[in-house]
Amino acid sequence: MDCCLTSIIVITYNKLEYNKLCIESIRQYTQPESYEIIVIDNHSTDGTVEWLQGQQDIRLILNSENAGFPVGCNQGIKAAKGNSILLLNNDTIVTPNWLTNLTKCLYSSSDIGAVGAVANSCSNFQSIPCEYSCVEEMIRFAKQVNISNSERWEDRARLVGYCLLVKAEVINKIGLLDEAFSPGNYEDDDYCMRIRKAGYRLVLCRDTFIHHFGSVSFGEKSNQLNNLLEINSQKFMEKWGLPPHLAAPYELTQDLMVKNWFPYQYESSYFQFWIENTRKKFFSFIDKAEFALLSGNLEKAVVLVKQAADYAYHSHPGFFISSRLELILRKISSRLNNRLAAAFLQFPPKNKEKKNVLHVVSQGYAASSHSGTPERWIRLDSSSVHSVIVTLNSEAVPQGLVDAALHSGGWCKKLDDVKLNLCQKAKVLREAAAKWADLVVLHIHPHDPVAPVAFGVAGGPPVVFVNHADYGFNIGMSAADVVVDHRSAGHTITLSRRNMHNSCILPIPLAKPRNLPDKQAAKRELGIGEDKIVFLTSASRYQLVSCGVYNFSKLIREMVNKYPNIEILVVGPSRAGWWSQSQSDQPIKIFEFQEDMTTFYSAADVYLDPIPVGSLAAAIEAGARGIPVVGLAIDFAAQFSSDILPDIAITHFPSSKDLFAAIEKLASDEGYRISQGNYLKSIILQHHYSGWQEQLNNLYSLLPITHQPPDIAIAREQAALDSDIVWAYFQYRSGLSRLSFD
């Protein structure tokens, strides 16, 4: 037996193209003289045998029939000369340093019996998030992963046998694979059980990645595979007295807060790597943007910044701001020349008697708090003249926003009406602000670079950045004199995670609520009995995605089972999946998005904030109409918080038990329900309507006379916290990580 040799055993059965990829990758990415390849062919008929016979570096064993995986592996083990045996599926592509890393871990301790690698496709939480579309991209990805690091080794109770490196001494002690599991499946569970019972540890090497196509041999015979899994699972139970998943239990998450989201530690580890992978891709955007800047291509640099911010917003990288990205914007801003023909846009003269406020909007939406905020800001701040510039997409800008600006004496201009690139748009915006505005208010999207480039230099009117998307990554704050947050949770993120200390809280402005139509008439219109207590929820489907214990559909099912006198209206989720099962005669009714919510507010007795992601704007809208609000407080990650005024009114509760106690009281006590609704209405109107102008004046008093963007301190991006891992997980579960801005 060679003490420095690994015997790599590959079982083949047809699939010539996969066999070639696997063998050739071993040759290319494994240190010469450190291994031998033993191939056991189970009677292939597609040319695999002929190809194998022509390979001089392969020890080939030919079977006259398909003997299955365990039998083939045992044939290879008996023929092996190495001091370690590696069982490798033929539908894999190995990568640089793969065997070196696995071997280093295997022999790092005498009590380690076997080790395994991570892959793009594998059960048992042995997969990691990957983004590549060809072998070349996969190898580049693998090189970033395959850096030996003992901190990335995890003790496991089970390892999947698609890539399993075992010490020969362990095999000598416990014997060969159990051929009773032929043709395959659960023989690796059985072998891992025997390795652990012999006193050895199993370790997953998260510092070793290989590509796994997955189930090539059985993929075309799914019914056969399912039957085999059932049969072999039963064999395992007969042998060990318990099912496979209990024989190798997953390690439970120890942190109680994280446990609400991830029952098992391996899920948390998966999304920890997800964030690491996202960071690498994000940094690649920055590297390209910096190179474009050095090359003098300002437009290409700003486009790459836009792409980077879009990516980071939708796939959370574990931080909320990048000083490198902000510095690129600042440098582009300083290099813009101001020579641009004024004919692109003509601006009316400045009002000399009132404050001229220029609102910059990336894109508007027909029904959204993002567009509603500047519109209501304009209508409530009647002592100023307000104008609007749209930078990226004006097609969906609501007419109400345009009308509000015109009514104040201002105007609305759309930069996409003229053919300008991003740098040219920034020049026009800078010129418009200098000529017309006394104050600039940015209501921009997290990926919009136009305003940050326009206002990255000193001079001109002061700039306010309104932090609409406070829960995620964004760009542009560093160009503002003051940052405005709408809620305390967002303010906490701004101070602690963005290090922006020029921040203050300005509540979301509200229009004066209209009187609601008759409640009983609204209930009849919606098909609800007059004696029913109506709970209303307004949410997009992504806000209601199930994450760990935070399961909204389960919550409302429990509610209607526990309180037969209530009905629940859920407005917003598309009728798909569970949400398509609602019927008109059931106590839970699902409605598509409604542009006019008047009838629903009229019918509602209580507003139930969605979970896991609440809607602050919707909750405020309901509360302002005298509807009491209840929800589940999720303090762990500030992104999920939607408490209305947490220091004044308790609307969200720390546990399901407390939430149900509040629901029961609201459902059973009409007097209490009315008093709670009236109290909430009074404080919401004080903060968001009647007293809002005073808070706006306080904001105005914080502004300098002329714009002076703060210096950008170059710093490493913050390390990801558990709350970042949870947010990345939520983005993945909800589909947000697969979206992009237009």
Side-chain angles (χ1 to χ4, degrees), residues 6-30 35-63 65-73 75-76 85-96 98-99 102 116-124 126-128 130 132-142 145-146 159-165 177 182-185 187-188 208-225 228-229:
T6 297
S7 298
I8 303 174
I9 298 172
V10 180
I11 313 300
T12 59
Y13 176 62
N14 294 326
K15 303 297 181 182
L16 174 60
E17 63 274 30
Y18 292 95
N19 301 330
K20 287 181 177 180
L21 284 170
C22 179
I23 299 298
E24 289 170 358
S25 70
I26 294 173
R27 292 168 175 158
Q28 186 172 0
Y29 298 117
T30 315
Y35 68 95
E36 63 171 349
I37 303 176
I38 303 172
V39 175
I40 296 84
D41 185 81
N42 277 329
H43 196 54
S44 297
T45 58
D46 67 342
T48 291
V49 171
E50 291 76 12
W51 181 80
L52 289 169
Q53 288 174 328
Q55 310 305 306
Q56 301 303 311
D57 59 343
I58 289 177
R59 296 173 60 197
L60 180 61
I61 298 173
L62 297 175
N63 290 329
E65 61 180 1
N66 187 352
F69 187 79
V71 172
C73 287
Q75 289 176 285
I85 311 297
L86 191 133
L87 307 180
L88 184 67
N89 278 20
N90 66 324
D91 61 341
T92 57
I93 300 176
V94 301
T95 58
W98 74 291
L99 187 54
L102 290 175
V118 293
N120 59 299
S121 175
C122 185
S123 60
N124 192 42
Q126 287 183 224
S127 62
I128 61 175
C130 309
Y132 52 77
S133 56
C134 63
V135 173
E136 291 75 17
E137 289 181 4
M138 183 272 289
I139 294 299
R140 286 197 294 271
F141 172 79
V145 177
N146 294 2
L159 293 171
V160 178
Y162 82 100
C163 175
L164 187 68
L165 181 63
L177 274 68
S182 293
N185 284 300
E187 76 284 340
D188 47 359
T208 307
F209 172 86
I210 69 172
H211 177 80
H212 183 214
F213 288 103
S215 299
V216 167
S217 298
F218 285 101
E220 298 170 358
K221 302 176 181 179
S222 57
N223 291 334
Q224 179 182 338
L225 174 59
L228 182 59
L229 287 170

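In what follows, every heavy atom counts, from backbone to side chain, and hydrogens, waters and symmetry copies are set aside. Counting begins at 1 with the first residue of the sequence. All values derive from a computational prediction rather than experimental measurement.
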> What's the shortest heavy-atom distance between Ser182 and Val71, and which atoms?
Replying inline: OG-CG2, 3.5 Å

>> I want to check something: taking the side chain as every heavy atom from C-beta on, are Gln53 and Leu62 in contact at a cut-off of under 4.5 Å?
In response: yes

> Which heavy atom of Asn63 sits nearest a heavy atom of Ala67, and at what distance?
Replying inline: ND2-CB, 3.9 Å

>> Looking at Cys73, is its backbone amide N or carbonyl O close enough to the side chain of Gln75 to form a donor-acceptor pair, meaning the two atoms are under 3.5 Å apart?
In response: no

> Roughly how far apart are Leu87 CG and Asp188 CG, rounded to 0.5 Å?
Replying inline: 9.5 Å

>> To check you understand the geometry: which heavy-atom pair defines the closest contact between Ser7 and Ile38, and what is its length?
In response: CB-CD1, 4.4 Å

>> Contact between Leu86 and Tyr35 at the side-chain level, heavy atoms closer than 4.5 Å - yes or no?
In response: no

> Is there a side-chain contact (heavy atoms from CB on, under 4.5 Å) between Ile58 and Val10 once you walk through the steps?
Replying inline: CA-CA 10 Å; Ile58 289 177; Val10 180; over 6 Å; no

> What closest approach, in Å, do Tyr162 and Ile210 show between heavy atoms, and which atom pair accounts for it?
Replying inline: CE1-CD1, 3.5 Å

> Any donor and acceptor pair, going by atom type alone, linking the side chain of Asn90 with main-chain N or O of Thr12 inside 3.5 Å?
Replying inline: no

> Considering all heavy atoms of both residues, which atom of Val160 and which atom of Ser123 are nearest to each other, and what is their separation?
Replying inline: CG2-OG, 3.6 Å

> Would you say the side chain of Ile23 lies within less than 4.5 Å of the side chain of Val39, judging by non-hydrogen atoms?
Replying inline: yes

> Has the side chain of Asn66 got a donor or acceptor atom that lies under 3.5 Å from a matching backbone atom of His43?
Replying inline: no

>> Tell me every residue that passes side chain to side chain contact (heavy atoms under 4.5 Å, CB included) with Arg140, counting only those two or more places apart in sequence or in another chain.
In response: Glu136, Glu137

> Taking atom CD of Glu24 and atom CD of Gln55, what is their separation to the nearest 0.5 Å?
Replying inline: 7.5 Å

> Quick one: are Asp91 and Lys15 in side-chain contact, heavy atoms under 4.5 Å?
Replying inline: no

> Tell me, do Thr92 and His212 make a side-chain contact under 4.5 Å, heavy atoms counted?
Replying inline: yes

>> Strictly distance-based, threshold 3.5 Å: is any side-chain N or O of Asp46 a donor or acceptor partner for the main-chain N or O of Thr48?
In response: yes

>> For a 4.5 angstrom cut-off between non-hydrogen side-chain atoms, does Gln126 reach Leu159?
In response: yes

>> Once salt bridge (charged side-chain N to carboxylate O under 4.0 Å, His left out) is applied, do any residues pair with Asp57, and if so which ones, sequence neighbours excluded?
In response: Arg27

> About how many Å separate CD1 of Ile37 and CD1 of Ile8, when rounded to the nearest 0.5 Å?
Replying inline: 6.0 Å

> Is the shortest heavy-atom distance from the side chain of Leu102 to the side chain of Thr6 under 4.5 Å?
Replying inline: no

> Listed by chain and number, what are the ring-ring contact (aromatic ring centres under 6.0 Å, His included) partners of Phe141, not counting sequence neighbours?
Replying inline: Tyr132, Phe209

> Short question: side chain of Asn42, backbone of Gly68 - any donor-acceptor pair under 3.5 Å?
Replying inline: yes

>> What verdict does the side-chain contact (heavy atoms from CB on, under 4.5 Å) test give for Leu165 and Cys163, after you've listed the backbone C-alpha separation in whole Å, the side-chain angles of each residue and the deciding distance to 0.1 Å?
In response: CA-CA 7 Å; Leu165 181 63; Cys163 175; over 6 Å; no

> Distance from Asn185 atom CG to Leu229 atom CG, nearest 0.5 Å?
Replying inline: 4.5 Å

> What are the two closest heavy atoms between Pro183 and Pro70, and how far apart are they?
Replying inline: O-CD, 3.4 Å

>> Side chains of Thr95 and Val145, heavy atoms from C-beta outward: is any pair under 4.5 Å?
In response: no

>> For a side-chain contact (heavy atoms from CB on, under 4.5 Å) check, start with the C-alpha distance between Ile85 and Ile9, then their side-chain angles and the critical distance, and finish with the verdict.
In response: CA-CA 7 Å; Ile85 311 297; Ile9 298 172; 3.5 Å; yes

